[in-house]
Amino acid sequence: MHLRVDLAPKGKRSLVLDNPVMTASGCFGNGLEFAKIFDIERLGAIVSKGVTLRPRQGNPQPRIVETAAGMINSIGLQNIGVEAIVRDVAPIWATWRVPVVVNIAGESIEDYAELAHHLDGVAGVSGLELNVSCPNVASGLEFGCDPEMAAAVTRAVSQETTLPVLVKLTPNVTDIVAVAKAVVEAGADALTLINTFPALTIDIDKQRRALGWGSGGLSGPALKPIALKMVYEVAAAVEAPIIGCGGIVSAGDAVEYFMAGATAVQIGTATFVNPRAPLDVLEGIGAYLSQQGIEDLRELVGAALPTPRPAAG
Amino acid sequence: MKLESALVLSQEQVYQDTFLMWLSCPPVAKGGSPGRFVMVHCGDGLDPLLPRPMSFHRFRSERSERQFAILYDVRGRGTQWLSRRRASDELALFGPLGRGFAVDPQAQNLLLVAGGLGVAALVTLADDAVAAGKAVTLLQGARTAAKLFPAHLLPEEVEVVSTTDDGSTGHKGYVTELLPQYLSWADAVFACGPNPMFEAIAAAVRGSGSGLTRRSGKSVQLLMEEHMGCGTGVCYGCAVFTPKGVRLVCKDGPRFNFREIFR
Ligand SMILES: Cc1cc2nc3c(=O)[nH]c(=O)nc-3n(C[C@H](O)[C@H](O)[C@H](O)COP(=O)(O)OP(=O)(O)OC[C@H]3O[C@@H](n4cnc5c(N)ncnc54)[C@H](O)[C@@H]3O)c2cc1C
Ligand SMILES: Cc1cc2nc3c(=O)[nH]c(=O)nc-3n(C[C@H](O)[C@H](O)[C@H](O)COP(=O)(O)O)c2cc1C
Ligand code: FES
């Protein structure tokens, strides 16, 4: 059965995964915890927690609230900072067979460029994923909300690295296709769709917002139909490989994303529901394909699109 | 570790809104110990989505199978669903998780301090300590008499001292007000309850001259709670801010040594 995918077919360096199931940033730590629990090296790729230039403590409690078939988080990018990642964690990644993609986040274009510079050539790092759902301190706007700003970040990173660059788009936009086109033009090898959707809940006893930070990002099954539509729209308009992300809990969910045009998928919140969810989804995809008599996953990619996608990878 | 199916052996309401559920799930029971916890799914589908953290309340051995119980309060929709399960129903859960209590074999006098349903996690510690021939005193505080863990459900060797916020039983006030009287007796203290209770314990320990200091070898262990996403250390939802930096309740805790949290 052919499950192999290339997320950077046109890049300086390829990013070939044995299979299309990745973990989503922030939902798998840095992979170290689960490495002890199950065979994570069977996954297609691991994506790290968002990494910033300096260590961050993150937001006050509560950081998580549950909502209907979903949850809202405002972790606040708690992480150990890029230096500790390079010094302490990357050497462990380097011993794994599974590629690790480092998710990076910044407050300015220079931050992203510097992060990319730090991570270039580091053993154990196979790619970068740009989280552009962060506010640009200069303007207060999220980088990912504006095609030009998103493109500028992508360009700055591409100049600093030979690593494959994935850009993770925010759903917090009017026209996601415009952003997708702009970042591909600026050098993105692949697109991850989508990050969490801005959301909040009110604690009616306390008469204030339930999360310590106020608002946060919605994830989980509640997000899936929104994410799926964005994948579908972008897949119809852009050639670069797309990684579908949002509310996937089962192989059936993943197959929907493939049919909407995604080349690979990321599993996030489902891992909180079932620690083995990424492997279960992978095994379920295999079972689905053999049941359907499909030999090559690429046959499914874009099956539901108005015109078939050119096979990537 | 994976999602396991646990068989409900029994479920009973033991006191006001508080339920006791015995479960059979050998892979989870195996590594269970006082202070550790499980993540229990409280619904059939994807809503409610997140599993609920529940402490091991008690262990027993039935025909050489290790079984465990949880003791829980009905709070929101998850625990409401849980309270409607019956014997022979199945639950999805995973664990055991976290770092549990560590009892120094030398410690003879154990003081357990419970605020509200914090008592759920301390009962199995009392069971073990009594079995090991140690002296155990449980200070437990609750809103009102109906919310106190019934003393007759504890080994009879345990000395139980109760306080209630409304004075309906025992001392009227917070459980921590009684602490100073017991601290010098105790070789080790184990506490579980809301965060303000830990602050009060910190104040009592500092003011006691009880010898519960860094060098005495006496330990004070706190079992902490925060809202959880994953329970496995990967989402960073359950952070606690300590003098030494951010720690995770599910992975670094839920048991913390006093000095890890308070200077
Ligand atoms: C390590 C640990 C051990 C625990 N052990 C016990 C126990 O033995 N017995 C017991 O009754 N309770 C225990 N709790 C608290 C218990 O998890 C909550 O009461 C329960 O999750 C409430 O769920 P709900 O669906 O009824 O409430 P809802 O309000 O509907 O829950 C919504 C969300 O908030 C979370 N939440 C709500 N209250 C709490 C809380 N106090 N702590 C953490 N998360 C919360 C839920 O898990 C869920 O994700 C423990 C908590 C932790 C962190
Ligand atoms: C607790 C939590 C932390 C997250 N942290 C990050 C992060 O650091 N960087 C990032 O790009 N996305 C982060 N995300 C977003 C996820 O990677 C993913 O895009 C989103 O949750 C949707 O997928 P899901 O529904 O499968 O969880 C986080 C999500 C959650 C729930
Ligand atoms: S609950 Fe996810 S890190 Fe503790």
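Residue numbers start from 1 in every chain, and the chains themselves are labelled A, B, ... in the order their sequence lines are given, proteins ahead of strands.
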Select one option (side chain, backbone, both, neither) describing which atoms of [X] are under 4.5 Å from chain B's heavy atoms.
X: A/Val249; result: side chain
X: A/Thr269; result: side chain
X: A/Asn30; result: both
X: A/Pro55; result: neither

Atom NE2 in B/His227, atom CG in A/Leu211: separation rounded to 0.5 Å?
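Going from NE2 on B/His227 over to CG on A/Leu211, the span is 10.0 Å.
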Quick one: pull up SG in B/Cys230 and CZ in A/Phe34 and give me the separation to the nearest 0.5 Å.
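Output value for this atom pair is 6.5 Å.
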Answer yes or no: is there a side-chain heavy-atom contact under 4.5 Å between B/Thr232 and A/Phe272?
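Sidechains of A/Phe272 and B/Thr232: no contact.
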Is there a side-chain contact between A/Ile37 and B/Lys2, using heavy atoms and a 4.5 Å cut-off?
no
Interface moiety of B/Tyr236 toward chain A, non-hydrogen atoms closer than 4.5 Å:
both
Which atoms of B/Met228 are under 4.5 Å from chain A, going by heavy atoms: the side chain, the backbone, both sets, or neither?
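The backbone, not the side chain.
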Heavy-atom pairs under 4.5 Å with chain B are the metric here; pick the option from A/Lys49, A/Met71, A/Glu33 that has the most.
A/Glu33
Pick from A/Ala68, A/Pro62, A/Gly220: which one has the most heavy-atom pairs with chain B under 4.5 Å?
A/Ala68
On a heavy-atom basis, which atom in A/Gln57 and which in B/Gly245 lie closest, and how many Å separate them?
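Result for this residue pair: NE2-CA, 4.1 Å.
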Suppose the criterion is salt bridge (Lys or Arg N to Asp or Glu O under 4.0 Å): which pairs have a residue in residues 223-235 of chain B, not counting sequence neighbours?
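Not a single pair qualifies under salt bridge (Lys or Arg N to Asp or Glu O under 4.0 Å).
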Does B/Leu49 offer a backbone N or O that forms a donor-acceptor pair with the side chain of A/Glu66 under 3.5 Å?
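Confirmed, A/Glu66 side chain pairs with B/Leu49 backbone.
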Determine whether more than 12 heavy atoms belonging to other residues, nucleotides or ligands lie under 6.0 Å from atom CH2 of B/Trp81.
yes
Heavy-atom pairs under 4.5 Å with chain A: which of B/Gly43, B/Ala92, B/Gly229 has the most?
B/Gly229
